[in-house]
Amino acid sequence: MPRQANAIDFWRGIALITIFINHVPGIYYARFTHANYSLSDSADLFVFLAGWSLRLMVGSPNRPPQSEWYIVLRLGGRAVQLYAVQIMITMIAIAMLAASATFLDNPLLLEWHNAAAVFYDPILTHIGLATLTHQLGYFDILPLYVVLMTVAPIFAIIDRYAPSWLLPLSIALYLATLIVPIPAPTWPIEGQWFFNPLAWQLVFVLGFVLAREDGVGGFVRRHIVLLRWLSVPIVAISAYIVWNRMWPDPTLAPHPRLLFIADKTYVTPMRLIQFLALIALFSGTYPYIKRWVSWFVNVCSMLGRNALIVFCVGSILSLAGQITRFVYRGDIVVDTLVVIVGISIMAFAAWLPEWREQVRSRPSAQPSPAS
Amino acid sequence: MARASQIKAIGATVAGILIASSIAGTAFGEGAMPATPAPPTPPVAATTPAPYSPECQSGSTEIVTATPLPNVAAALQKRRTVRILAIGNSAGRRHGGYTRHIERILQQVVKGADVVIINRGVSGELAANSALRIKNEVAMTSPDLVIWQVGTDDALAFVPLEELGETVQSTITWLKEHNVDVVLAGLQYVDRVAQDEYYHRVRKLLREIAAKEHVMIIRRYEAMQFIAAAQESGNGFGPDEFERTEAGYNCLAQYLASAITLGAFGKGMSMRPLRGQKPQQPPPMQ
């Protein structure tokens, strides 16, 4: 039986839906996602919840711990799985772009999603695809996830033997990355990773640390009411700034500038603080949402329980939606269909493995003894 | 205003050097002042940009307008270095993309100057996303010039015109306020979009913004359209549209290098025909 709906799966499902919508540029419904009212967006939530899930996997020191080898092998296996998924969806996306450009007789489609290098400089770019140093636009969060999962055993082991050191070490690495700054370069095309892993690891570690019921996580739980009150003005002011596009001038920021500007690549402090305020504020809403729209909670939780497959399907669907909008000239009707069909297929992709699991676990499915 | 006159004076000084290097011409900008105090470092010198290669020549089609780039001129005079931030579909081609071509051409043309290209292009990126990144990149990298390839992907995604116009206009205004020159690289051409009304409305919008804001726009669509027509009327073995799109980036590098040189040094510089080759009509420079 799949686990019951819970807040983590629900919010992860919400993140998956908004990622799908936001990855269809120009779509009407993107204006309703929280990226339009918030400095942070669903990417922050996705990475934070990945860290939270890591806690559920490795446990706390007060629970019977898994051996270090078990953790290393399990997380290493997960990293390999994520890498394989990244390569697979990237190749599907490349094939979709190539097919669209060919059948629609429009070479400009080859340039979507940072794919131009794949077609026009294929020799080196294929090396870059395999080494994750060339990433398609909107297909760039899994490479971050691969890196984070690869180093996750280090986080887990520090947490086990020196738990009070993990967050300070993570913050130190984050600050060094922003102050120097330390870019994560792409190759063969000059540029930077869209998500700098040295900076984004802090979001992951924060999820991991806050999921603990003692330490920083315990402190937050004890003072959550106060923190929510403090979060209200932060969330409100940032919503006002983002909605009215009143971004502070980054050239007026003191040095080192990355500490004072809003930037997604380096998940700068301004963005990080707003994200933490946002989750503090909304973390208490889950019971009410569940009471009022339980069917919606169940669907989102189902998406969240099967996050990896739904993410893959959603990534491909968002590209399909983009191509559909191009062919049928995006308007409200086309956009509505893209969203309805897309979310329905994502829900089906989440339901299918759970249904298979249920069928497999039925007594009648047990193999009968050989006669 | 004082700053504008000062920049014009710098432009005139540089243009004087051009004249001395056997190029007849006048400094851009009416009322350009004669050279005033000698600069602390030897001024950079420029030669005529290399002519467009034959496959990039586009008849009488106006591709590059000579619009002053005062901040580039000032940077070359003060620091002998020009920092160029490339945004848009700037990457993704062999040998480092078209920006590497620009770097090479400019370093040949502008003697003694250091050309630093900061490549932050993401192909397929919409203007709204680019606009946010441009401001942060300006804060982080302090460029003198931004080359912004904009419009093609917004046209293909049917981004509302008002929204696109507001994004481009406000970003250009912001860059000018921060003493950063802008060159827009306009929409690309392929047969498929030739009859697309929305695509043409985006082209028109960008041209209007460029004219209103007095910024340079490379009219890539017209160039690529001319080249395509010329090739199709040839012997029938011309490149297909995919190859032509690829080749269009090499031409874009030449147009941009020409535009930057003209913008920094004045319109007196004109394209020389290739030696031993029957010259095609070069694009007018004003």
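Naming convention: chains lettered A, B, ... in sequence-line order (proteins, then strands); numbering from 1 in each chain.
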* Asked: Can you tell me how far the CG atom of A/Leu258 sits from the CE atom of B/Met140, to the nearest 0.5 Å?
  -> 3.5 Å

* Do A/Asp249 and B/His178 have side-chain heavy atoms sitting under 4.5 Å apart? -> yes

* **A/Gln192 and B/Arg120, any side-chain heavy atoms less than 4.5 Å apart** => yes

* Structure fact -> Max heavy-atom pairs within cutoff under 4.5 Å with chain A, candidates B/Ile118, B/Val159, B/Leu126, goes to B/Leu126

* Does the pair A/Leu108 and B/Tyr199 meet the rule for a side chain to side chain contact (heavy atoms under 4.5 Å, CB included), with working shown? -> CA-CA 12 Å; A/Leu108 299 180; B/Tyr199 202 81; 3.5 Å; yes

In a table with atom names and distances, give each donor-acceptor pair under 3.5 Å that connects a side chain of residues 239-248 of chain A to protein atoms at least two apart or in another chain.
from: A/Asn244; atom 1: ND2; to: A/Tyr240; atom 2: O; distance (Å): 2.9
from: A/Arg245; atom 1: NH1; to: B/Glu166; atom 2: OE1; distance (Å): 3.4

* Asked: Hey, does A/Arg329 have a side-chain heavy atom less than 4.5 Å from the side chain of B/Asp196?
  -> yes

* Asked: Are more than 12 heavy atoms from other residues, nucleotides or ligands located less than 6.0 Å from atom OH of A/Tyr328?
  -> no

* Distance in Å, B/Thr152 OG1 paired with A/Trp112 CH2, rounded so as to fall on 0.5 Å steps -> 12.0 Å

* To do: Could you tell me which residues in residues 127-145 of chain A have at least one non-hydrogen atom under 4.5 Å from a non-hydrogen atom of chain B, sorted by residue number?
  => A/Tyr138

* Closest approach of A/Pro25 to B/Ala157 (non-hydrogen atoms, all atoms of both residues) -> O-CB, 3.9 Å

* Please determine which of A/Thr251, A/Thr268, A/Asp263 meets the side-chain hydrogen bond (donor to acceptor under 3.5 Å, both in side chains) test together with B/Asn136. => A/Asp263

* Spacing of A/Gln322 atom CD and B/Leu156 atom CG [to the nearest 0.5 Å] -> 9.0 Å

* Measure the CZ-CZ distance between B/Arg133 and A/Phe194 for me, rounded to the nearest 0.5 Å. => 7.5 Å

* Assess whether atom CD of B/Gln195 is packed by more than 12 heavy atoms of other residues, nucleotides or ligands within 6.0 Å. => no

* Which answer fits B/Leu132, side chain, backbone, both or neither, if we ask what part of it has an atom under 4.5 Å from a heavy atom of chain A? -> side chain

* Asked: Does atom CD1 of A/Ile332 have more than 12 heavy-atom neighbours, drawn from other residues, nucleotides or ligands, at distances under 6.0 Å?
  -> yes

* To do: Measure across B/Arg192 and A/Asn106 and return the closest heavy-atom pair with its distance rounded to 0.1 Å.
  => CG-ND2, 3.9 Å

* **A/Ala253 portion near chain B, given a 4.5 angstrom heavy-atom threshold** => neither

* Structure fact -> Turns out that what part of A/Pro181 lies under 4.5 Å from chain B's heavy atoms comes down to side chain

* Given the options A/Asp331, A/Thr265, A/Ile261, which has more heavy-atom pairs under 4.5 Å with chain B than any of the others? -> A/Ile261

* Under 4.5 Å from any heavy atom of chain A - which part of B/Asn129 -> side chain

